[in-house]
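Just so we're clear, the structure is a prediction, and the values are computed from it rather than from any experiment.
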Amino acid sequence: THQPTCGCIALPLLPNVNERPLQMVDDVYGKEATTYYRVIGVEKQRTRVALYPQTGRTHQLRVHCSHREGLALPIVGDCLYGKSDTRLHLHAAAIALKHPANGKRMVFKSAPPF
């Protein structure tokens with residue numbers, strides 16, 4: 001199957017009460033969860049993806065990557081939704097926020113260590 005190089009994943013999430021701490025996709029009772037994504041490379045049968053969450057649900061990126069209606073590509077090292085590795089290969093490369101005192105936009109960047 002051919003994977004699109006960018007897009008939007010909109011799968012509503014709900015805690016799985018029978019398998020905590022897992023989250024599950026639920027079109028009826030789930031809360032809105034939206035993630036934009038862009039494939040930035042493929043090497044050694046691994047796909048590197050930039051993820052841009054628009055909402056902040058628990059395990060949102062992990063579920064959106066692993067779910068068959070999402071990317072169907074579990075994050076390397078995700079022992080809950082994929083399989084274990086030396087570490088979880090999920091990294092916040094950049095985060096932006098407003099300074100609490102002066103309101104100025106602050107951006108912090110960190111290159112992925114993998």
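- Taken to the nearest 0.5 Å, the OH atom of Tyr52 stands 12.0 Å off from the CG atom of Leu61.
- Counting heavy atoms from C-beta outward, Leu14 and Asn16 have side chains that stay 4.5 Å or more apart.
- Within the model, atoms NE2 of His67 and CD of Gln23 stand 12.5 Å from one another, a figure rounded to the nearest 0.5 Å.
- If you chain together hydrophobic residues whose side chains sit under 4.5 Å apart, Val49 and Val42 fall into the same group.
- The number of heavy-atom neighbours closer than 6.0 Å to CD1 of Ile95, taken from other residues, nucleotides and ligands shown, is 12 or below.
- Residues His59 and Leu80 form a side-chain contact, since some pair of their non-hydrogen atoms from C-beta on lies under 4.5 Å apart.
- Atoms CG and NZ, from Asp26 and Lys31 in turn, are 12.5 Å apart once rounded to the nearest 0.5 Å.
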Inset, instruction - Under the side-chain contact (heavy atoms from CB on, under 4.5 Å) rule, what do Thr58 and Leu13 come out as? Steps first, then yes or no, please. - result: CA-CA 8 Å; Thr58 300; Leu13 301 177; over 6 Å; no
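- In this structure, Leu51 and Cys65 have side chains that are in contact, with non-hydrogen atoms separated by less than 4.5 Å.
- Contact of the Gln60 side chain with the Pro53 side chain is registered, since non-hydrogen atoms from C-beta on lie closer than 4.5 Å.
- Here the closest non-hydrogen pair linking Ser110 and His91 is O-NE2, 2.9 Å.
- Nearest approach of Pro21 to Tyr81, heavy atoms of both residues: O-OH, 4.2 Å.
- In this structure, Cys8 and Thr34 have side chains that are in contact, with non-hydrogen atoms separated by less than 4.5 Å.
- Here the shortest heavy-atom pairing between Asn102 and Lys104 reads OD1-N, 2.8 Å.
- Within a 6.0 Å radius of CZ in Phe114, other residues, nucleotides and ligands contribute more than 12 heavy atoms.
- Residues Thr35 and Gln54 bring no donor and acceptor atom of their side chains to less than 3.5 Å of each other.
- Minimum interatomic distance between Arg68 and Ala72 (heavy atoms only, all atoms of both residues): CA-CB, 4.1 Å.
- The distance from atom CG of Leu22 to atom CZ of Arg62, rounded to the nearest 0.5 Å, is 9.0 Å.
- In plain terms, the two heavy atoms of Gly103 and Lys98 that are nearest each other are O-CG, 3.8 Å.
- For the pair Pro12 and Asp27, the minimum side-chain heavy-atom distance is below 4.5 Å.
- Between Ile9 atom CD1 and Leu71 atom CG the span is 3.5 Å, to the nearest 0.5 Å.
- Using a 4.5 Å heavy-atom cutoff, the side chains of Lys83 and Pro74 are not in contact.
- At least one side-chain heavy atom of Pro113 sits under 4.5 Å from a side-chain heavy atom of Arg87.
- Cluster membership check: Ile75 shares its hydrophobic cluster with Leu11, using side-chain heavy-atom separations under 4.5 Å among Ile, Leu, Val, Met, Phe, Trp and Tyr.
- The structure places CG of Leu73 at 14.0 Å from NE2 of His64, a figure rounded to the nearest 0.5 Å.
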Legend entry - Intermediate values then yes/no, side-chain contact (heavy atoms from CB on, under 4.5 Å), Met24 and Glu19: CA-CA 10 Å; Met24 62 185 200; Glu19 295 184 63; over 6 Å; no
